[in-house]
There are 2 protein chains.
Amino acid sequence: MTIPRAAKTLRRTRIQEEKEERILEAALDVFSAAGFRGSTIDQIAEAAGMSKPNLLYYFRTKEAIHRALIDRVLFTWLEPLRAFDAEGNPEAEIRSYIRRKLEMARDFPRESRLFANEILQGAPHIEDELKGPLKELVDEKAEVIRAWVRTGKIAKCDPYHLIFSIWATTQHYADFDVQVRAVLGQNHAGEGRFEDAARFLEQLFMNGLRPRQADTAA
Amino acid sequence: MTIPRAAKTLRRTRIQEEKEERILEAALDVFSAAGFRGSTIDQIAEAAGMSKPNLLYYFRTKEAIHRALIDRVLFTWLEPLRAFDAEGNPEAEIRSYIRRKLEMARDFPRESRLFANEILQGAPHIEDELKGPLKELVDEKAEVIRAWVRTGKIAKCDPYHLIFSIWATTQHYADFDVQVRAVLGQNHAGEGRFEDAARFLEQLFMNGLRPRQADTAA
DNA sequence: GTAATGTTTTACCAATCGGTCAAATTATCG
DNA sequence: CGATAATTTGACCGATTGGTAAAACATTAC
């Protein structure tokens, strides 16, 4: 008598690990390109090179695949923000945060789109993660930035909106890639747009946040 | 013998105008919240308060609804960029462009999400609009910005990435609204976040783009 | 080897999808 | 009014959806 679902077994077999890996990889492709509702189990199964019932042997529902994928990707995704260091030089920290986020937009666009799709459609599956871990992390880093403002190391500004603007500008190059390509046209076809973007954004934020007379006075 | 489709009649009746209006309004609700593939005709029909066959009497396919909606919204959506004036004062023009875009994110979030969904998923229905009218408009305005840079009125920077960064930062407040709310939490619950964002972004871009010694020299 | 367990496939299901059809109903016009 | 055209409805269709059942097949442990 066989126990029907892989989840029931405590010890995971080699095959289980391999197949789950393949499924999550395929699911990232599909979910990031079409969102949760727009994706089908069949698409994921085909991308993973297995039959639908076979896939459902490893993940019982579409939601289970999605949840496993989110859980797996979220931690890595927040890595750059976590690396934001209170002790470091403000200018260098912000600059390297921008660079890291931009590198992630370039190297992991599917992950970016996965979250973008999810949030855009009201975050029905990750509301808790946003209000919990994410908020706490941002609150913590906002406090760091606020301290920098207090000590006059950067211009007076709202730390939350500073973080939002870095998220928005960097992730834009992953999430809205087709638009960026369409507007830039053939002449900027290569990956050069990421270097141009890095140059622009670093300049914008560095000059934009440099402390000015009025700040230290107040 | 009645001609089966509303589209066949040359003269549009009062009822046609009213119903098409209601359908497009409902479609904006549904498409902006779930994307094209994630939306169903039934959802739109229910939101419009009519039966599915009745809706299909006015628009023959789901794509036709979507197309009509895009056509209708796109022009208005580009209005702020079109208003960008070469003759005006650079600082004032950029500042008011940011303000206008932010107002649109606040007042027309559904329109913003409609396009965001579309572009995120590869822009399958608006590729032509991106590569055509949008690109041309951006090219034109980029030239204006480039002229400002040449005459030393603003800092040396890539005009395309400047435009992208304004799009990204302002639309962020519409497209990623749930995340912004989740992170800001209850204490910033009201609409105050838009004013805070406006203050932050104006400061960022004004200071970030102010011409510096090195620019005028080069 | 063989028995137990783990994996895959085939066939299937009910619900939902986009869309059609013809008949019934309502508005418009002379 | 009556006739004609415009609108609405309910019943329906084939395809696709998420998911299941059970048997066939493969692997592992002893």
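Chain letters run A, B, ... following the sequence lines, proteins first, then strands; residues in each count from 1.
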- Message: Once hydrogens and angles are ignored, does a donor-acceptor distance under 3.5 Å link the base of dG19(C) to the side chain of K62(B)?
- Response: no

- Would the number of heavy atoms belonging to other residues, nucleotides or ligands and lying under 6.0 Å from CD of E127(A) be above 12? no

- Note on the structure: N54(A) atom CG is separated from dG6(C) atom P, nearest whole Å, by 15 Å

Identify all side-chain donor-acceptor contacts of residues 74-82 of chain B below 3.5 Å with residues at least two apart in sequence or on another chain.
{"residue": "E79(B)", "atom": "OE1", "partner": "R82(B)", "partner atom": "NH1", "Å": "2.7"}
{"residue": "R82(B)", "atom": "NH2", "partner": "F75(B)", "partner atom": "O", "Å": "3.0"}

- Query: Below 4.0 angstrom, N of the basic side chain to O of the carboxylate: do R106(B) and E191(B) qualify?
  - Reply: no

- Note on the structure: With the side chain defined as heavy atoms from C-beta on, L56(A) is closest, among dG19(D), dT10(C), dT9(D), to dG19(D)

- Message: Taking the six-membered ring for Trp, are W167(A) and Y173(A) closer than 6.0 Å centroid to centroid?
- Response: no

- Nucleotide nearest K52(B) (side chain, heavy atoms from C-beta), chosen from dT9(D), dT7(C), dG19(C): dG19(C)

- Item | Short N-O contact, R72(A) and E21(A), less than 4.0 angstrom | yes

- Residues in contact with DNA chain C, drawn from residues 115-126 of chain B - heavy-atom cutoff 4.0 Å: none

- Are any of the side-chain nitrogens in D175(B) or R113(B) under 4.0 Å away from the carboxylate oxygens of its partner? no

- Over all heavy atoms of both residues, which pair between L130(B) and A123(B) is shortest? Give the atoms and the distance, please. CD1-CB, 3.8 Å

- Report the distance from atom CD of E17(A) to atom P of dG6(C), rounded to the nearest whole Å. 15 Å

- Whole-Å gap separating C1' (dA21(D)) and CZ (R60(A)): 15 Å

- Note on the structure: Taking dT9(D), dG19(C), dT7(C) as options, the one with an atom nearest any side-chain atom of Y57(A) is dT7(C)

- Query: With a 4.0 Å cut-off on heavy atoms, is K19(A) in touch with a base, just the backbone sugar-phosphate, or nothing at all?
  - Reply: sugar-phosphate

- Item | Shortest non-hydrogen separation from W148(B) to G88(B) and the atoms involved | CZ2-O, 4.1 Å

- Query: Just how far, in rounded Å, is P of dG18(C) from CZ of F59(B)?
  - Reply: 16 Å

- Query: Got a sec? Which of residues 32-46 of chain B come in under 4.0 Å of DNA chain C, heavy atoms?
  - Reply: S39(B), T40(B), I41(B), D42(B)

- Message: So that I can tick it off, tell me whether R199(A) and D158(B) are bridged by a salt bridge, with the cut-off set at under 4.0 angstrom between side-chain N and carboxylate O.
- Response: no

- Query: Of the nucleotides dG19(D), dA11(C), dC21(C), which has the atom closest to the T61(A) side chain?
  - Reply: dG19(D)

